[in-house]
Amino acid sequence: MILLSLMLTMPLMAQYRRPHVRPSRPHFRPRPVAVVHSDHYYGDPTDIYVGFRVGGALSTLNSDDSYFDDGKMRTGIHAGMVIGFQTAPQVPLYFETGLLYVEKGGKCDSRSRDYTYSLNYLEMPMVLKFDCEVDGGVSIQPFFGGYIAAGVGGKIKDTYNRRNYSSYDDEGFKRFDAGLRMGCGFQFDHLYAEAGYDLGLTNVGREYFDRTHTSSLFATLGVNF
């Protein structure tokens, strides 16, 4: 996942050189198109930023399986690092990717069963983000795209039968997940906040369960450089 993220960004990074003075914030500002003269670039054809995110999420599992009846949300961590780059000069549209640690899962609490499902992933978002400047130093940034994720840990806690086991064993879930990602960000200078929603499209349930999908509502704070 890390190599794929680097492969996506390297072609564009190799085609531009940073100016000696960069703006204090990564949102769009009109700039002249780069021209070549004596092997030197003048102007900044693209804008690249790096950001850090930390926050929380409310997640659940959606399934027709009776084991998920009376399902409830589970709280978890949502944190990591992102990188974004402008898709074309003079256009306030950015492609953002990165690597996040996210905790998903759900709860089931009824008379005959009491389960907690924790599904922890390394997730790579891939979204398009439009930078709409409201006022000097302030912008609103709606985004839409997708994500892919790999399970790195988690437990299924069966409180009713006093049993714990790995979320990814033969009676649990598949490690791979992918789906849609959407939301909106707000930036003031270097400070950034966003809220969004991950909608899983991949069946993460093994034969032990019916078709099962993840979903997560998240909110994070961070900084962009």
**Item:** Validation row, ring centre Y117 to ring centre Y115 under 6.0 Å
**Value:** yes
**Request:** Evaluate the side chain to side chain contact (heavy atoms under 4.5 Å, CB included) criterion for residues H213 and L61: first the C-alpha distance (whole Å), next the side-chain angles of each, then the deciding distance (0.1 Å), finally the verdict.
**Result:** CA-CA 6 Å; H213 304 275; L61 294 174; over 6 Å; no
**Prompt:** Under the criterion side chain to side chain contact (heavy atoms under 4.5 Å, CB included), which of L99, D198, D177 is the partner of E123?
**Reply:** D198
**Request:** Measure the spacing between CZ of R181 and CG of L100 and express it to the nearest 0.5 Å.
**Result:** 5.5 Å
**Prompt:** Should the ring pair Y121 and Y168 be called parallel, tilted or perpendicular, given that the plane angle runs from 0 to 90° and is split at 30 and 60?
**Reply:** perpendicular
**Item:** Whether Q86 side chain and D47 backbone form a donor-acceptor pair below 3.5 Å
**Value:** yes
**Request:** Apply the test side chain to side chain contact (heavy atoms under 4.5 Å, CB included) to residues I77 and V102: give CA-CA distance (whole Å), side-chain angles for both, the deciding distance (0.1 Å), then the verdict.
**Result:** CA-CA 6 Å; I77 297 173; V102 299; over 6 Å; no
**Item:** Polar side-chain atom of S59 near backbone of G105 as donor-acceptor pair, under 3.5 Å
**Value:** yes
**Message:** Taking the side chain as everything from C-beta on, heavy atoms only, tell me whether I156 gets closer than 4.5 Å to N164.
**Reply:** no
**Message:** Let me check something: do L128 and M126 share a hydrophobic cluster, defined by ILVMFWY side-chain heavy atoms less than 4.5 Å apart, either directly or through other members?
**Reply:** yes
**Asked** Once you round to the nearest 0.5 Å, how far does SG of C184 lie from CD of Q141?
**Response** 8.0 Å
**Request:** For residues Y94 and Y49, establish whether the separation of their ring centroids is below 6.0 Å.
**Result:** yes
**Prompt:** Does the side chain of N62 come under 3.5 Å of the side chain of R211 through a donor N or O and an acceptor N or O?
**Reply:** no
**Prompt:** Would a hydrophobic clustering, with Ile, Leu, Val, Met, Phe, Trp and Tyr connected at side-chain separations under 4.5 Å, put M81 with V54?
**Reply:** no
**Prompt:** Can you name the nearest heavy-atom pair linking L119 to S167, along with the distance?
**Reply:** CD2-CB, 3.6 Å
**R74 side-chain N/O to K104 backbone N/O, donor-acceptor pair under 3.5 Å** = yes
**Message:** Tell me if a side-chain donor or acceptor on D189 pairs with a main-chain N or O of L191 at a distance below 3.5 Å.
**Reply:** no
**Asked** Roughly how far apart are S139 OG and F188 CZ, rounded to 0.5 Å?
**Response** 11.0 Å
**Asked** How many angstroms lie between CD1 in I148 and CE in M124, if you round to the nearest 0.5 Å?
**Response** 3.5 Å
**Prompt:** Does some side-chain heavy atom of Q187 sit less than 4.5 Å from a side-chain heavy atom of V138?
**Reply:** no
**Asked** Is any side-chain heavy atom of N120 closer than 4.5 Å to a side-chain heavy atom of Y101?
**Response** yes
**Side chains of L180 and Y147 in contact at under 4.5 Å (non-hydrogen atoms)** = no
**Request:** With V127 as reference, evaluate F95, F143, F144 under the side chain to side chain contact (heavy atoms under 4.5 Å, CB included) test and give the passing residue.
**Result:** F143
**Request:** Could you walk me through whether F52 and F225 pass the side chain to side chain contact (heavy atoms under 4.5 Å, CB included) test, one step at a time?
**Result:** CA-CA 9 Å; F52 299 92; F225 299 100; 4.0 Å; yes
**Asked** If you group Ile, Leu, Val, Met, Phe, Trp and Tyr by side-chain heavy-atom gaps below 4.5 Å, do F218 and V82 land in one group?
**Response** no
**Request:** List the atom of E194, the atom of K129, and the distance in Å for their closest heavy-atom pair.
**Result:** OE1-NZ, 4.2 Å
**Prompt:** Is the shortest heavy-atom distance from the side chain of S216 to the side chain of Y197 under 4.5 Å?
**Reply:** no
**Item:** Pi-cation contact, F173 with R175 (under 6.0 Å, within 45°)
**Value:** no
**CG-CZ distance between L93 and F85, expressed to the nearest 0.5 angstrom** = 10.5 Å
**Asked** If you measure from OG on S118 to NZ on K157, what distance do you get to the nearest 0.5 Å?
**Response** 7.0 Å
**Request:** Please check if any side-chain donor atom of T212 sits under 3.5 Å from a side-chain acceptor atom of S63, or the reverse.
**Result:** yes
**Prompt:** Under a 4.5 Å cut-off applied to non-hydrogen side-chain atoms, are R206 and K174 in contact?
**Reply:** yes
